[in-house]
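Here is the structure we will look at.
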Amino acid sequence: MPNTLRYILAVAANERMLMYRSAKFWVLASMGVFFIIFFLFAMTVGTIMGDGVPGEFLLEGTDAYLAFYFFGYVQVILIIFVAVDFRKLEEKWRLHEVMLSKPMTTANWVTGKYLGVVTSILYLNLFLMILAAIGRFIKFLVIGSGFNILPFIKYFAIATFPSILFMIALVFFLVSLVRVQVIAMLLAASYVAGLWFYIHHKFYGLLDYGSFFASIFHSDLIGFGDIQSLLWQRLFFVLLTVVLISLSILLYPRLSQSKVSKRMTWAVLVLFAVASGVVGYSIVEKSRSQQQIRLADRVEQKKWISEPLCRVEHYDFDIIHGERESLLQVKVRMVVHNANQAPLDSLLFSLNGKLSVERVNRHDGESIEFTQRNQLVFLNLAGNPLLPSETDTIRIQYAGDIDAVGFQLDRLPNLKGLIDKSDGPWIQPSISAWLSEDFAVLPAECGWYPVPGAAAGHPYYSPKPKNFSTATLRVVTNENLRVVSQGVAEATPLDDGKAETTIRVKSPVQGLSLNIGEYQLLSHQFKQTTLDFYYQKNHLLDYDVFAEVADTCLAAVERMLEIFEEICGVPYPYERLVLVEVPLHMQVFVDRHGVDNVLLQPGVIMVDEVSLASNRLASKVKKSTKRARRRGQDDSPIRVKRDVFIEMVLDYFLPDNIWRRDGSISSPMRNYVHFNLDIADPVLARALELQLHEEADRRIHDTFYPDRREISFSANDRMRQHDNRWMVRRIYGIEIDSLVSGLLQKPLSQLTPESDGVFYRAAIDFKAPPVLQMLSERITPENYANALRNLLDEYRYQRVGRTDYLKMIQTSIKDIPPDFFAEWFDQATLPGYRITKAEAEKIDTGQMKILYQVSTRVLNGEKGAGFVRLVCDTNKDKILRNVELGSYQEKEIQFAVPDEPQTVQVLPYFSRNSGNIRKQVSITNRISRRTAVDTSFVVTSIEDSLSIIVDDQDKGFFTPVSSEQRFLRPPSKGRSWWEWTSSLAYGKYYFGLHAKRGGRGEYPARWETAVPRDGDYELNFFVKIGSRWWQRNISQKFKIYVTSADGTFPIELRPQNTSDGWFPLGRFRLSKEDPAVVELSDEGNGYIIADAIRWEFVE
Amino acid sequence: MQITIRNLNKVYSGDVYALRDVSLDISEGMFGLLGPNGAGKTTLMKILATLEQPTSGEVLVDGENISVRRREVRSTLGYLPQFFGAYPQMTGSEFLRYIGRLCGFSGKALKESVEENLIRVGLFEVRDRKVKTYSGGMLRRLGVAQALVGNPKLLIIDEPTTGLDPEERIRFRNLLSVLSRDKVIILSTHIVGDISSTCENIALLSHGRLVFRGHPESLVDQASGKVWQAACDEEDFGMISEQMNVISTIPVEGRLLLRLVGEPVDGFEMQTVPPNLEDAYMHFMENVVGEHVEEEAGVMED
């Protein structure tokens, strides 16, 4: 063995031994290992025991990834603590002079020490890897989820090992450079913190040393996906490691062995510095240039958006998939038609940039000249143009790979680009298409086949016209793979282990997708639709639990399809509905037009493998049985299994969770209309898909779970009621208050993705779908469905706008004003609702029956038309009424209910209200003998005309700001009164109050208003004490000063004594010339509450 | 092996001279380096051990400049610094094995070398105990052992007997005497006794200068007739110690028996005694070097 190696290994072995014998190493390592063991085993146990574990825990690569991902962060601390000793250890034990007088070179010494730390950390990681693999093996044994050791090795080699190498080298270098251990530790820790909070995606992820933000989650379907750029990034860190170690050697305080060894170190340093620089630069430059190319593509495509286009009526594909030299080889025969007035002497198609066109011919074999650039293919027909109304056949032959991220060029510039997946903090999905020898996910948008016209660059308000066409696909691939597209597939075996699958797409579609993989298939024929489910072997576990209730389950799906039909007025438009499992990496970009559903394909629903794997069906059945038993509900296996089955189906059909924004999963409903119509208005397009989705959600839940009343209002409803403020912030990156205030400044029709960024998306989702739902309620859902059927009958496969849509609505109900959209989409108004009355009296109808006559009033206190659902909860039922309210209008609604009414609630379709608008119904004991009334009428509100209420949220409320000198510092300004949110507080649209701990009267709260006329006014102070805490802690006395025309009067009230909230302060003479002022002193022995004051004109 | 030091200077920042124009020739055998604290002994040792670079001058080992041929020097070097410690969590034998590997040993040779040196320094019995349990003397012996592990041709030992008990010190001196037959051993100390019994040649350093180079006997000769013995009362001790260097003071029957170096003080009965190396060192440092330093100070003032 050469001496150099001998020295290095000796130092390394010693370093390792010292580390293993240090308490510091074991304390930190144990903390990290314990954390991981706990996490992995808790999740393993959770996966085995429960059904609520996220799906990624069942994927084969999960345990390896989680282990390394989390330990990656933990071990940084370990590395920093142990590696930082590398120079000081010998000095501490007074050994450095002995060591440095030994014959090894400084390079041997530093490298040996480095290797010692690396190997000790490495062994710890290997230990962890074995533990994680054991966890995975237990899952495999117990529940049969897949077991594969390769992800462990791959993660380790790609992510963990380079990061260990680099981080230790970095610490060595920092210690050598700054020579103060604490500073070196802080610098290293700062880098990690900086990476986490700021620089993770900067420079195209170049500085992400641990691959924490890289897309390397292991899919069971395609492995890591495209990680070529990641491998380059890892190489960059390995090269940088050598640079840092070389620097550490040169900076080490020891006389060099010889000039030769010093020069060699310099040579290595320079060589690797250059190499890492080249690699780093090329990574950044490559990503940058790819972006530039895409920008250039978009600019070029934009030039051609006005070009007259042909229409492709039919595609006839011959596809060879999976050949090594060219993954996709396609010959397509297109039946093209010129629907323009003028002849077309050139045809324009868009095609993915990595697919190269080899040959183009006419039907008679005549060759057509063509050029391909910027994802566009130009066919020159100059000699033989396509005449108006003429139909011809053109053959195009092309081959190549797919640029998986080089399409969808119209991405929202103000957003990050990708939509975040909510399936876990660690998944960083990044591909929108995938093509390999044994797998393919090619959505229509990726441009895997030629589509007329430029794909990108169209103005926001004029999206690209869709091309509806039929197709025949013949796909040759390995016989173990299944091919999925829109039509019905038939496979025929060929020689050499290949098979040809023929798919006929008989109903025209606006986009063709192609999925190929080693799928299992579950299929069932419903009345008119075949439902096919393509899934990976290990991802649909124990579904045979439904065997005994198969008929019930299938009937439920049948019913769902019927519900779709009832809502849209037309049956499901394709002969086959396909659910196909796709890799978890599948992701979409936020698009200018389609928002988040751009990868949906007609007839094919892509199901993310994560959501599929999460269905632990047997476990769910067991859990649901227990729950039903506990609640005294029907716990028969048939009922429970049916419910579990429906929930599973709904997970794919109607993800009721609006918060899941991964566009690869969605319902057929949201796009039911899209695939039959070409909706030109982007606001209407989004509004319609969401409205139908929500309506289906409501109806299906009402059908299958009539006893779960709260579910009948969708997640979107809940969002619009503002009781999920943080969710809105998380999804849209915007505060609900900003959203409301933005909608008061700009109507929907003036919003654009370019100028409004995140607000655009939030505002459209917030207001547009409820406007259509409101319309549906106004004309009744049955009429609305008729209108949609008329729309589809008349405009199927055609471009439609708002006017066409409204025209069809008006065919059902004539009284819909023609300016409906002008009023709701083009006006910047937002109603605000209040319930001003909720009373009931018992009535004897003379038919041996006592009813409750409910009288309730709803006020729209703002400018702009309003429409709300009024819900009355009785102790047995819910009564629903729709109420239309004009600007500043108040309506009384009267109806009778058989059971005792509890509360009335206003469910606005959209409003500026925050929280629930609910009021307790007060019932008089007197029984009147009269008939029940069911009516509504406009009332003139006394409250509005003769009373003034100033709430603590209004402009007339003031609290002083304290300014305090603190020692020698400048005076600091602080808030004397704090704002609280409370359901008991008075509020128009927001229920809040101001409170302050009792003081000396220096900071009074103040209400001020101008009364409309001179005279006597009754004054009331609002204070309502709810919880025991408030009752214990509120001040016993409130001191109030009322300013009137006769002077200022002090009043004392005891807040505990009030009952309904309004505390009478007395009658005062007020002049309209002087401001009416009420002051609440902060003097008291507990908390003081300032909420609202009411001035009521008396005479 | 022949070590030649020529015009060696070492200047630290702030113009602090650690060595001034030192020239020496050292041959095989024991070579003692004497001098008070701060004389430059450790600096010279560090330069010889290739740990520091001289500001000017050169050190040749067998004619090769050690600034150029550090690797060769380090491979023939055993070094025990003034302050020595070891990894406390290792055992004595583990530590020596590690050092042995760094000296290029492996396998059987390593094992033999480690055991041999453990026996030499008397640590064989405790070889498997953690270093942190060793006493100060044991640790010092371990330091000697590590310096010997590589079977070095040049052994540089800085203050080796500090912390050793008399028995260990004697054993250590004997060990060095045995080893010095085929090695150059440079022993730096301020304990004169260590040198008197072992070194054939010595050098005296003071304020970075070489002030004496030769056999210990010639240093002793210079002190001949300058070493006295006297008995005095306690009240007279102050007067005598002001005018002469007191080497030792022994209370005998109510009086003090003094050993003194210098010119006798009138009025006291003193007898000359034969000087030893310690007397000679004192005489030399006080009278010869002291005058020299004063002269130098005078020159600098001029």
Side-chain angles (χ1 to χ4, degrees), chain A residues 1-26 82 85-86 88-113 116 120 252-264, chain B residues 42 45-54 66-91 94-107 110 130-132 139-140 142-147 149-150 152 154-156 158:
Chain A
M1 195 191 293
N3 270 346
T4 297
L5 192 57
R6 191 177 293 154
Y7 290 140
I8 290 173
L9 292 180
V11 176
N14 187 63
E15 196 70 15
R16 202 164 46 241
M17 182 168 73
L18 290 174
M19 202 166 283
Y20 289 156
R21 290 182 185 180
S22 74
K24 188 162 67 175
F25 177 83
W26 285 112
V82 297
D85 274 346
F86 108 92
K88 293 285 178 184
L89 189 69
E90 279 71 25
E91 283 180 29
K92 183 181 170 187
W93 301 118
R94 295 177 167 180
L95 254 173
H96 57 295
E97 289 182 339
V98 170
M99 294 301 169
L100 300 186
S101 65
K102 298 298 171 198
M104 78 280 176
T105 61
T106 312
N108 297 156
W109 175 246
V110 174
T111 311
K113 282 190 152 275
S120 46
Y252 200 87
R254 186 199 187 201
L255 297 176
S256 65
Q257 196 88 294
S258 65
K259 280 182 181 171
V260 176
S261 65
K262 197 168 184 175
R263 280 176 192 156
M264 275 177 63
Chain B
T42 298
M45 296 296 228
K46 282 185 177 177
I47 290 171
L48 290 173
T50 72
L51 296 173
E52 285 196 12
Q53 180 79 346
I66 64 165
S67 296
V68 182
R69 314 282 291 184
R70 283 194 194 104
R71 182 184 172 78
E72 286 74 8
V73 174
R74 284 169 182 168
S75 59
T76 58
L77 176 72
Y79 178 53
L80 174 64
Q82 185 176 359
F83 301 106
F84 167 80
Y87 303 115
Q89 59 270 59
M90 288 170 87
T91 65
E94 280 171 348
F95 177 68
L96 288 189
R97 271 204 299 277
Y98 176 42
I99 297 293
R101 284 195 196 98
L102 294 185
C103 293
F105 283 91
S106 61
L110 174 67
K130 291 270 167 66
V131 171
K132 64 185 169 192
L139 193 62
R140 205 68 199 155
L142 185 66
V144 175
Q146 66 78 24
V149 160
L154 170 62
L155 197 57
I156 298 171
D158 199 356

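Everything numeric in this text was worked out from a predicted model, so none of it was measured. Chain letters run A, B, ... following the sequence lines, proteins first, then strands; residues in each count from 1.
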How far does [atom1] of [X] sit from [atom2] of [Y], to the nearest 0.5 angstrom?
{"X": "Ile156(B)", "Y": "Glu97(A)", "atom1": "CD1", "atom2": "CD", "result": "11.5 Å"}
{"X": "Ser106(B)", "Y": "Leu9(A)", "atom1": "OG", "atom2": "CG", "result": "11.5 Å"}
{"X": "Met104(A)", "Y": "Cys103(B)", "atom1": "CE", "atom2": "SG", "result": "9.0 Å"}
{"X": "Leu51(B)", "Y": "Arg254(A)", "atom1": "CG", "atom2": "CZ", "result": "8.0 Å"}
{"X": "Tyr87(B)", "Y": "Glu90(A)", "atom1": "OH", "atom2": "CD", "result": "3.0 Å"}
{"X": "Leu102(B)", "Y": "Asn108(A)", "atom1": "CG", "atom2": "CG", "result": "9.5 Å"}

- Task: Count the heavy-atom pairs under 4.5 Å between each of Gln146(B), Arg71(B), Arg74(B) and chain A, then report the option with the highest count.
- Result: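 Highest number of heavy-atom pairs under 4.5 Å: Arg74(B).
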- For Pro88(B), what residues pass the side chain to side chain contact (heavy atoms under 4.5 Å, CB included) criterion, not counting sequence neighbours?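 With neighbours one apart ignored, the set is Trp93(A), Lys132(B).
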- Quick one: list whatever passes side chain to side chain contact (heavy atoms under 4.5 Å, CB included) with Glu94(B), sequence neighbours left out.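 So Glu94(B) forms a side chain to side chain contact (heavy atoms under 4.5 Å, CB included) with Met17(A), Arg21(A), Met90(B), Thr91(B), Arg97(B).
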- Which atoms of Tyr98(B) come close to chain A, meaning under 4.5 Å heavy atom to heavy atom: side chain ones, backbone ones, both, or neither? side chain
Minimum heavy-atom distance between [X] and [Y], given as atom pair plus value:
{"X": "Leu95(A)", "Y": "Gly85(B)", "result": "CG-O, 3.2 Å"}
{"X": "Glu52(B)", "Y": "Leu255(A)", "result": "C-CD1, 3.4 Å"}
{"X": "Ala49(B)", "Y": "Ser101(A)", "result": "O-CB, 3.9 Å"}

- Please examine the side chains of Arg70(B) and Ser258(A), heavy atoms only from C-beta on, and report whether any two atoms are closer than 4.5 Å.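 A side-chain contact under 4.5 Å is absent here.
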Mind ranking [options] by heavy-atom pairs under 4.5 Å with chain B and telling me who comes out on top?
{"options": "Thr105(A), Leu100(A), Leu89(A)", "value": "Leu100(A)"}
{"options": "Gly112(A), Pro253(A), Ser256(A), Ser22(A)", "value": "Ser256(A)"}
{"options": "Lys92(A), His96(A), Lys102(A)", "value": "Lys102(A)"}

- Message: Is Ser261(A) in contact with chain B via its backbone, its side chain, both, or neither, using a 4.5 Å heavy-atom distance?
- Response: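 No part of Ser261(A) comes within 4.5 Å of chain B.
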- Please confirm whether the backbone N or O of Arg101(B) pairs with a side-chain atom of Arg6(A), one donor and one acceptor, at under 3.5 Å?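 No; zero donor-acceptor contacts below 3.5 Å.
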